[in-house]
Asker: 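Pasting in a structure now, in structure tokens, and then I'll have a few things to ask.
Each chain gets a letter, A, B and so on, in the order its sequence line appears, and its residues count up from 1.
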Amino acid sequence: MNSYKNTSEAVLVEKMQRGDEQALVEIIRRYETMIARIVIGMLGNTAEAEDVGQETFLRFWQSVGTYRYEAKVSTFLTRIAINLSINELRRRKNRYAWLELTDDKPIQYEFTDPQDAFQQADVTDQITHALTHIQTDQRVVVILRLIEGYSTRETADMLGIPLGTVLSRLSRGLEKMRKILRNTEQQ
Amino acid sequence: MNKNQEHLLVKSLLNETRQAEEEQLTHLLTSNTHAIDSLNDWKKIYLLLQNFNPQFSRYFIKHTLNRLAHQRLIQQTQRDLYKWMLRLSMSAVAAVFLLLMYVIWQENSLSIDGLLGITNLWSGDFTNLLANY
């Protein structure tokens with residue numbers, strides 16, 4: 001059924017450039033989880049996140065004709081996903097600008113030991129919640145550096161910011177996440 | 001904690017501390033309990049983040065392909081509309097051209113009156129037309 005399972009990325013891109021949709025399907029299969037981590041990390045587990053995820057692959061499909069391997073497919077997709085997520089956050093902010101969307105409810109998550117946490121189904125929810133409550137610029141850096149595993153230099157290059165800024169955003173983001181995750185313990 | 005100390009802690013978390021920074025880090029961790037607490041919690045968060053594995057719905061690929069098909073349909077409709085508009089405008093240009101040719105052929109000249117078809121009309125025509133009413 002999946003004839004492109006062992007096909008190299010370069011060949012898949014060539015096939016996409018010739019309009020082969022099955023090659024796109026294979027690219028989606030390979031990178032769906034990565035894009036889900038980025039987009040859901042950025043936007044939370046919402047319907048918009050799935051839309052942005054789909055749009056990421058559609059944009060890649062549309063721009064594949066001009067794709068010249070300057071960046072790996074994963075990096076190219078990551079950039080698209082981050083940009084689209086930021087656009088979506090801006091749209092969301094404008095859409096709800098007239099509403100006060102402050103969540104005064106105390107956070108109901110516990111900061112559990114990771115060993116135990118791995119076994120819990122809601123670890124993803126905890127992290128999503130904490131991630132979506134830190135500033136966007138910090139969130140992007142946390143996702144790229146700590147979740148996707150890009151190096152500090154790659155993260156800085158991708159976002160066009162100095163190394164020191166990456167480190168600052170990481171420390172502030174982590175500190176905020178720490179407070180969010182500890183919130184219940186302190187109450 | 002100041003900015004340098006924060007950077008030092010993050011570098012430690014990422015195993016990016018240089019030899020020269022190791023001593024500063026040791027000093028920081030022995031003198032600042034808040035730094036130790038932060039670093040320990042950051043390590044736990046980092047571990048959680050590395051296991052962050054959300055999923056899209058199981059129909060993600062199907063939905064993406066549906067959107068692609070929908071986009072294609074829209075593009076095709078736009079192309080068809082453009083072609084139709086182009087054909088329509090070309091027909092209009094051809095009609096205007098034929099009209100001009102006809103006027104020139106009939107009148108041996110090109111004038112506004114000729115175009116409006118009122119070349120041989122004198123003022124009495126209106127009176128004659130209205131005379132029957």
Asker: side-chain contact (heavy atoms from CB on, under 4.5 Å) with Met158(A): which of Leu144(A), Val166(A), Ile82(A)?
Answerer: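 Of all the options given, the one that passes is Leu144(A).
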Asker: Report, in residue-number order, which members of residues 80-94 of chain B are under 4.5 Å from chain A by heavy-atom distance.
Answerer: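 No residue falls under the 4.5 Å cut-off.
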Asker: In terms of heavy-atom contacts, does CD of Glu23(B) have more than 12 from other residues, nucleotides or ligands at under 6.0 Å?
Answerer: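 Not more than 12 within 6.0 Å, no.
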Asker: With a 4.0 Å cut-off, would you call Arg67(B) and Glu55(A) a salt bridge?
Answerer: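 Yes, this pair counts.
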Asker: Quick one: are the ring centres of Phe60(A) and Tyr67(A) less than 6.0 Å apart?
Answerer: yes
Asker: Measuring heavy-atom distances to chain B, does Gln62(A) have an atom under 4.5 Å in its side chain, in its backbone, in both, or in neither?
Answerer: side chain
Asker: So for Asn4(B), is it side chain, backbone, both, or neither that comes closer than 4.5 Å to the heavy atoms of chain A?
Answerer: neither
Asker: Flag the pair Arg172(A) and Glu175(A) as a salt bridge only when some basic side-chain nitrogen lies within less than 4.0 angstrom of an acidic carboxylate oxygen.
Answerer: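 Glu175(A) and Arg172(A): not salt-bridged.
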Asker: As a test of understanding, state which of His7(B), Lys3(B), Glu6(B) forms a side-chain hydrogen bond (donor to acceptor under 3.5 Å, both in side chains) with Ser168(A).
Answerer: His7(B)
Asker: Between chain B and each of Leu131(A), Asp51(A), Leu24(A), count heavy-atom pairs under 4.5 Å; write down the option with the most.
Answerer: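 Option with the greatest count: Asp51(A).
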Asker: Most heavy-atom pairs under 4.5 angstrom with chain A, which of Gln50(B), Lys11(B), Arg72(B), Gln55(B)?
Answerer: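 Sorted descending by pairs with chain A, the first entry is Arg72(B).
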Asker: For Leu9(B), is it the side chain, the backbone, both or neither that has a heavy atom under 4.5 Å from a heavy atom of chain A?
Answerer: neither
Asker: By a 4.5 Å heavy-atom criterion (distance strictly below it), what part of Leu65(B) contacts chain A: side chain, backbone, both, or neither?
Answerer: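 For Leu65(B), the side chain is the part near chain A, not the backbone.
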Asker: In terms of the angle between their ring planes, are Phe56(B) and Phe60(B) parallel, tilted or perpendicular, with boundaries placed at 30° and 60°?
Answerer: parallel
Asker: Please report the interatomic distance CG(Leu146(A)) to CG(Leu174(A)), rounded to the nearest 0.5 Å.
Answerer: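 Answer rounded to 0.5 Å: 5.5 Å.
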Asker: Between NE2 of His129(A) and OG1 of Thr124(A), what distance do you get to the nearest 0.5 Å?
Answerer: 14.5 Å
Asker: Under 4.5 Å from any heavy atom of chain B, what part of Thr152(A) do you find: side chain, backbone, both or neither?
Answerer: both
